[in-house]
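Computation of the quantities below employed the complete heavy-atom set of this structure, encompassing side-chain atoms and omitting hydrogens, waters and symmetry-equivalent molecules. Residues take their numbers from the sequence shown, with the count starting at 1. Both counts, for ligands and for their atoms, begin at 1 and track the order of listing. All values derive from a computational prediction rather than experimental measurement.
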Amino acid sequence: MTGTTTDHEELATRAGRELEEATAQEILRWAADTFGKRFCVTSSMEDAVVAHLASSVFPGVDVVFLDTGYHFPETIGTRDAVAATMPVNVITLTPALTVAEQDAQHGPRLHDRDPDLCCSLRKVEPLNRGLGGYDAWATGLRRDESPTRANTPVVAWDARRRKVKIAPIARWTQDDVDAYVNANGVLLNPLLWEGYTSVGCSPLSCTRKPGEGEDARAGRWSGSGKTECGIHL
Ligand code: SF4
């Protein structure tokens with residue numbers, strides 16, 4: 001689809017209303033039909049659920065992964081398994097600075113001292129750059145993951161990036177995810193079997209296993225007051 005950002009903003013607002021009750025596949029079908037190759041899926045490689053859903057309606061879809069340089073080996077392995085076994089085109093984005101260059105410029109362990117700056121350098125800026133060639137992007141955000149995600153629309157206007165943002169499984173629960181994974185043999189990050197419920201970067205200050213009764217994202221930047229990396233703010 002071609003069109004101005006104003007067209008896309010109106011389109012996103014209308015689709016958010018009209019697709020609220022649609023299935024994840026119907027939402028992704030709409031995205032693929034509307035934007036074609038100017039649509040991509042982003043994945044943290046915690047699981048391949050959205051990539052699997054998207055590839056079922058749009059084989060060859062671009063799946064964008066941010067390699068921060070701080071990932072668990074299991075996450076890189078999941079990315080490689082997705083690329084090797086699924087009908088998707090995995091695109092790996094990297095920050096402008098290597099970890100060593102960042103350490104030299106900002107000091108070591110920036111993630112412990114200023115995680116907002118670290119996430120900005122290693123996640124937000126590379127994603128903003130990488131999404132430049134797309135009009136619409138899909139994420140795996142779900143309303144039940146945390147209070148900060150409880151109002152996630154299925155389709156919305158991403159005003160900061162001036163793109164259409166799609167959350168096809170926003171209305172899914174963890175039970176819905178588990179059922180889809182089991183029914184379709186979807187790849188999961190092996191860390192999910194070790195007690196992690198949200199898999200981010202490997203420093204303990206960024207990802208730990210949640211405690212009893214904590215929400216799924218409680219182990220992210222635990223104790224810092226930070227709840228999001230900045231991509232979804
Ligand atoms: S999650 Fe942690 S290591 Fe990863 S980019 Fe953010 S602060 Fe840095």
*Asks:* Would R208 and E214 pass as an ion pair if we require N to O under 4.0 Å?
*Replies:* yes

*Asks:* Tell me whether E46 is salt-bridged to R217, with the criterion being a basic N under 4.0 Å from an acidic carboxylate O.
*Replies:* no

*Asks:* Apart from L66 itself, what residues make up its hydrophobic cluster, given side-chain heavy atom links below 4.5 Å?
*Replies:* V64, I91, L93, V124, L127, L131, Y134, W137, I231

*Asks:* So does R38 pair up with D135, basic N to acidic O under 4.0 Å?
*Replies:* yes

*Asks:* How does the hydrophobic cluster around L117 look, that is, which other residues are in it when side-chain heavy atoms under 4.5 Å mark a link?
*Replies:* L110, L121

*Asks:* Under a strict 4.0 Å criterion on non-hydrogen atoms, which protein residues are in contact with ligand 1?
*Replies:* Y70, H111, P115, C118, C119, R122, K123, C201, C206, W221

*Asks:* Hey, could you give me each pair passing ring pair (Phe, Tyr, Trp, His ring centres under 6.0 Å) that has a residue in residues 187-229? Not counting sequence neighbours.
*Replies:* F72-Y196

